[in-house]
Amino acid sequence: MIRSPDHRAPPYRGAVTALTTAWVEELTAALGPDAVRTDPDVTVAYARDQALTAEAGTPAAVVFPRSTDDVVAVMELASRHGIPVVPRGAGSGLVGAANAVDGGITVVLTRMDAVLEVSAADRLAVVQPGVVNKALRDAVAAAGLFYPPDPASYDWCTLGGNLAMNSGGLCCVKYGVTTDYVLGLEVVLADGRVLRTGRRTVKGVAGYDLTRLFVGSEGTLGVITEATLALRPAPATDPVTLVATFATSAQTGQVVESVVTSGVVPSMLEVMDRTCIRAVDDMLRADLDRDAQALLVARSDAGGAAALAEIAELTRLCEAAGADLVHSTADPAEGDLLLAARRAALPALERLGSVLLDDVAVPRSRVATFIDGCDAISSQYGLVVGVMGHAGDGNMHPTIVFDATDADQRARALEAFDAILELGLSLGGTITGEHGVGTLKADWLEREIGPVSVDVHRSIKDALDPAGILNPGKVVRRRG
């Protein structure tokens, strides 16, 4: 599926064509002048997320609510006037899900940043959507607890955005993704009604699972204003880390398969291809093996002898697959340096030009095939494509490097992006493992889930948002 570079423009434009003094004054009266901004420099600053190629409109107003009641006031007004509303956190998303709609209201939830409760007895926290992921981690650490989901932007992304996108991270192989930790939500619906889903109990199956419906809905079904999140006991403070290099992708894939079948569950199992290795080595001067085809980084946080045993088994699996180098360390500082190389992969590629970061998950048995396929796509389109990702759960992040000022390179980058999605689907994978659909992949959703599923999606959207004002143009296109 090869399309022109403008195919990612949001289809919902022009429904609100002019800023009317009446509704802005009404909104300002309800929330206060410090919560409603219409200055062009502010509206343009909140027009898009981190997706370089996803088109964005310009909001007529940017609103900064401080409470659920404020959000209710926004949605009631928007419902009366038919104004599109785009919920937004820190803007760390990568698929255009938080991109503004022309003439609409962008609701920035970062001022709702309170950790309302931490219960050690029930292992849960109640938070507002503007709480930064790392801030919650820090807040619960004093109670010996741990919130596992760890997106790469964990030190600045907000939990509301994590919930809306069902974010993942480096630790998913052991701990799972955001939805695995959501016990309940408070959501403001399109008409301003407040819905509470879920419960505080460990178990509960009364009614439909509405909580999971809203997690990952990308702001298209409601605005999340509060979340009750499950916590876990803090992991051991003495992790053991391993790095291994391989001459072929197939050897790397053999290790990933062996980890799955052996029953070893590391807290991280990350991979970088040769392109990433060389880019990181150029940036960090880390003396990496520049001739290696792939590098694996693994970590065990089981603690003490258990961690050492897990890494010893991983060492055996790497050596059995023919690794050129296997090195492990129980020194936390050295382990962090090894992880720093993996975390530096994207910044290192960004030094080479503009980047288009993809997010494809494949069955773990097809990781090596996917990496080699991306290498072939790189040659086909004449662009640098570096592959990094979460090998332990098959979630890969191929990153296309191009010159954004060159129309031909930009077009080829978008074609390569589509080719990578096609490759992922052909291997039994999915178009997104953790970044979401947004506008960037909306055209691909039906390819993956089929027309019946798309129709069910649209029926749910129509039932909860009949006027189509919540984040229009994202995830599923409206009928007609």
Side-chain angles (χ1 to χ4, degrees), residues 148-154 167-177 235 239-246 248-249 251-260 262 264-281 283-284 286 288-289 292-302 307 310-311 313-315 317-318 321 323-329 332 334-349 357-368 370-371 374 385-399 433-435:
D150 65 333
S153 55
Y154 79 102
S167 302
L170 273 66
C171 292
C172 293
V173 59
K174 180 173 182 176
Y175 293 109
V177 297
V240 183
T241 308
L242 171 148
V243 63
T245 59
F246 301 88
T248 68
S249 301
Q251 293 171 315
T252 311
Q254 180 182 332
V255 173
V256 174
E257 288 187 54
S258 297
V259 167
V260 175
S262 70
V264 177
V265 186
S267 57
M268 290 185 192
L269 184 60
E270 296 291 302
V271 67
M272 296 193 302
D273 73 352
R274 178 178 293 170
T275 299
C276 292
I277 293 169
R278 291 181 174 180
V280 169
D281 194 52
M283 184 173 79
L284 298 183
L288 301 179
D289 181 356
Q293 180 62 31
L295 179 149
L296 280 178
V297 182
R299 171 167 278 188
S300 172
D301 65 359
E310 281 191 348
I311 293 300
E313 177 62 9
L314 281 169
T315 298
L317 296 176
C318 289
D324 294 327
L325 166 74
V326 185
H327 173 71
S328 63
T329 178
E334 184 183 3
D336 287 345
L337 286 175
L338 296 177
L339 284 183
R342 163 61 184 90
R343 292 188 185 277
L346 180 57
L349 291 173
L357 177 64
D358 212 330
D359 164 42
V360 176
V362 297
R364 288 172 287 192
S365 61
R366 310 307 296 275
V367 165
F370 182 77
I371 292 174
C374 288
V385 178
V387 182
M388 68 200 87
H390 318 311
D393 59 22
N395 193 176
M396 298 290 101
H397 296 309
T399 304
E434 59 189 11
H435 293 170

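Summarising the geometry, atom CG belonging to Leu288 is positioned 6.0 Å from atom CE belonging to Met272; distances are rounded to the nearest 0.5 Å. From Asp359, atom CG reaches atom CE of Met396 across 10.0 Å, with rounding to the nearest 0.5 Å. With rounding to the nearest 0.5 Å, the separation of CG in Leu269 from NZ in Lys174 is 13.0 Å.
The main-chain N or O of Ala391 is never found under 3.5 Å from a side-chain atom of Arg364 such that the two would form a donor-acceptor pair. Between the side chain of Gln251 and the backbone N or O of Ala323, no donor-acceptor pair lies under 3.5 Å.
Classified by interplanar angle (parallel below 30°, tilted 30° to 60°, perpendicular above 60°), the ring pair His390/His397 is perpendicular.
Side-chain contact between Phe370 and Ser249: absent, with no pair of heavy atoms (C-beta onward) separated by less than 4.5 Å. Between Leu349 and Thr275 there is a side-chain heavy-atom pair separated by less than 4.5 Å. Between Met388 and Glu270, the closest side-chain pair of non-hydrogen atoms is not below 4.5 Å. Val271 is listed as a side-chain neighbour of Ile371, based on a closest heavy-atom distance under 4.5 Å. Between Val264 and Leu314 there is a side-chain heavy-atom pair separated by less than 4.5 Å. Looking at heavy atoms from C-beta onward, Val255 lies in side-chain contact with Leu296 at the 4.5 angstrom threshold. Within the 4.5 Å cutoff, the side chain of Leu170 has no heavy atoms near those of the Arg299 side chain. Considering only heavy atoms from C-beta on, Cys318 comes within 4.5 Å of Leu242 through its side chain.
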Handout entry: Intermediate values then yes/no, side chain to side chain contact (heavy atoms under 4.5 Å, CB included), Thr241 and Glu334
Key = CA-CA 8 Å; Thr241 308; Glu334 184 183 3; over 6 Å; no
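One finds no salt bridge joining Asp281 and Arg274 here, because no Lys/Arg side-chain nitrogen approaches an Asp/Glu carboxylate oxygen to under 4.0 Å.
A side chain to side chain contact (heavy atoms under 4.5 Å, CB included) with His435 holds for exactly one of Asp358, Leu357, Val360, Asn395; it is Leu357.
The minimum heavy-atom distance linking Cys171 with Met268 is given by the pair SG-CE, 3.9 Å. Here the closest heavy-atom approach between residue Val265 and residue Val173 is recorded as CG1-O, 4.0 Å. Scanning both residues, Ala341 and Leu284, for their nearest heavy atoms gives CA-CD1, 4.1 Å. Of all non-hydrogen atoms in Ser262 and Glu313, the two that sit nearest each other are CB-OE2, 4.3 Å. The two residues Val240 and Ala307 make their nearest non-hydrogen contact at CG2-CB, 3.7 Å. The two residues Val259 and Pro266 have their closest heavy-atom pair at CG1-CD, 4.0 Å.
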